[in-house]
Protein chains: 2
Amino acid sequence: MKLKREFEVLEGLTGLGIDLAKTASSSDIIYDALRDGIISGQIKAGESLRQEHVAKLFNVSRIPVREALNRLEAQGLVQSLRYKGYVVSLLSPADVEEIYEVRATLEPMVIEKSVAMMTPETLEEARKYCELFSSETDSSKWGEWNRLFHGALYKDAKRPFHLKLIGEAIDRVDSYIRAQLVLTNGMEKARKEHLEILAACVEGDGELAGKRTRKHILGSYKVLRKYLDNQ
Amino acid sequence: MKLKREFEVLEGLTGLGIDLAKTASSSDIIYDALRDGIISGQIKAGESLRQEHVAKLFNVSRIPVREALNRLEAQGLVQSLRYKGYVVSLLSPADVEEIYEVRATLEPMVIEKSVAMMTPETLEEARKYCELFSSETDSSKWGEWNRLFHGALYKDAKRPFHLKLIGEAIDRVDSYIRAQLVLTNGMEKARKEHLEILAACVEGDGELAGKRTRKHILGSYKVLRKYLDNQ
DNA sequence: ATAACGTAGATTGTATACAATATTCAATAT
DNA sequence: ATATTGAATATTGTATACAATCTACGTTAT
């Protein structure tokens, strides 16, 4: 009984518990860091990733580094040749176009489904990120607000597989998305289009939100393409 | 000069060279084997994969086993909890439906693009797999011929990213595809529909091939769904 | 001078060793 | 009898050690 009472006392902590089984391992942390570095462009395409170098950076052995690299390779962010090492994947112009096509296909599907189930809290969250994106003066943060805005609009769809694929697609072109926002007039255009997408969601018109999302993605690709062609 | 002559002699081997850098490592082989086992259903969903057990199976240490498991997890085929180990991913009915939806979206896009660039050799290859599928009496091989048939029809599209996503989607539901063929009247229906899809490709009508592919996928899902509901 | 070779050092892939955590089950308390 | 504890065992995560392979560069032969 004494013990049972102790347990009951702990019931007061309901909701405060943290699932320590989901705690990040070394390789998880290294994976996240490398992924962030790659998708942000801090680690450039074509750059090679020496295991020992990364290991020293994180003060660990090569084992967790290799595990992180294996996951990144499965996702396509790096490539490896046996005994030669890992290199950040290169994207051809055709690759970029193809990935934008996938985004323009999947993201409208998801937002349409999401709008049908969208909670007021989600709308509020999306509005918040939309505003943060619009008012951000530090251009290095535009990419992040942009992604959080769209992510909020997708989450109620309850489409984990779609979201996984969309996430992988965005990861592959994330540095291009940021460049498009910063180096072209993309930011101004995106600000307007985000408001239009958000409005469609508020109206509960999923189909319209989907159409606008598709146009938003394809339009940003055209701007990007024009920019890249002129380099 | 002597050495140069030796090299010139070797020119006779042009085309016979094999890129040994692409040779499979232990972890590659283990990855392939586990993937095959999981997608075929030999290793069942929910089953846990003890590292030591797998390592003994292949007569290696746990290191390459863990690398294979990391890649499988990135692909979604297994899931892990820190210090608890790896488990073959479970699919809810909603997951299965979602993945079939992705297939029904992406595969028509790819076949349409593929048909526009399809070579006679590819058509011949597809015809071959179509025939092998139709005439196969060993039902355990239907899944393989089926996948090879569709794969042949997609390959000329030159859409590596689409194909990667489609491959991952099919991997996740591969055991369901096989079950649908073997445990329902799916084989008979598939045989007919394959011929129709192939005919559209021969005609060079990519849009029609796409529409028929979409119908093929959604139809097989409906049969599968009905079968699963009656279990 | 140029091309092939060979060796030293660098880098990767995997085995072994050890530390951290989980699981099991007998012993104990209620 | 049931619930809880704690020690023994099992399993995982990572460090270290070593073997396989690659890379760079000086040496040799032509």
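What you see is a predicted model, and the numbers here were worked out from it, not measured in a lab.
- Separation of the A/Tyr129 and A/Phe149 ring centroids does not fall under the 6.0 Å cut-off.
- When each of A/Phe133, A/Trp145, A/Trp142 is tested with A/His194 by the rule ring-ring contact (aromatic ring centres under 6.0 Å, His included), just one qualifies, namely A/Phe133.
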Protein-proximity profile, nucleotides 7-12 of chain C, B/S/- by nucleotide at the 4.0 Å heavy-atom cutoff, equals ----SB
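- Here C/dG13 presents its P atom at 7 Å from CD of B/Glu67, a figure rounded to the nearest Å.
- The shortest non-hydrogen separation linking A/Pro64 to A/Ser27 is O-CB, 3.4 Å.
- The shortest distance between the side-chain N/O atoms of A/Ser26 and the OP1/OP2 oxygens of D/dT14 is below 4.0 Å.
- Across residues 69-77 of chain A, not one residue has a non-hydrogen atom less than 4.0 Å from an atom of DNA chain C.
- One interatomic measurement links the two molecules: CZ of B/Phe58 to C1' of C/dT14, which rounds to 16 Å at whole-angstrom precision.
- Note: NE2 (B/His53) to C1' (D/dT12) measures 17 Å, nearest angstrom.
- B/Thr122 places no side-chain N or O within 3.5 Å of a backbone atom of B/Met118 that could act as its donor or acceptor partner.
- Side chain of B/Ser89 to backbone of B/Leu77: a donor-acceptor contact under 3.5 angstrom is found.
- Atoms CD1 (B/Ile30) and C1' (C/dG13) sit 12 Å apart, rounded to a whole Å.
- Going from atom NZ of B/Lys56 over to atom P of C/dA15 covers 14 Å, rounded to whole Å.
- Shown here is A/Asn59, whose CG atom has no more than 12 heavy atoms of other residues, nucleotides or ligands within 6.0 Å.
- Shown here for B/Arg178 and B/Ser140, the closest heavy-atom pair between the two residues is NH1-O, 4.4 Å.
- One can place CG of A/Asn59 at 12 Å from C1' of D/dT14, the figure rounded to the nearest angstrom.
- Within 6.0 Å of the NZ atom in A/Lys56, the count of heavy atoms belonging to other residues, nucleotides or ligands does not exceed 12.
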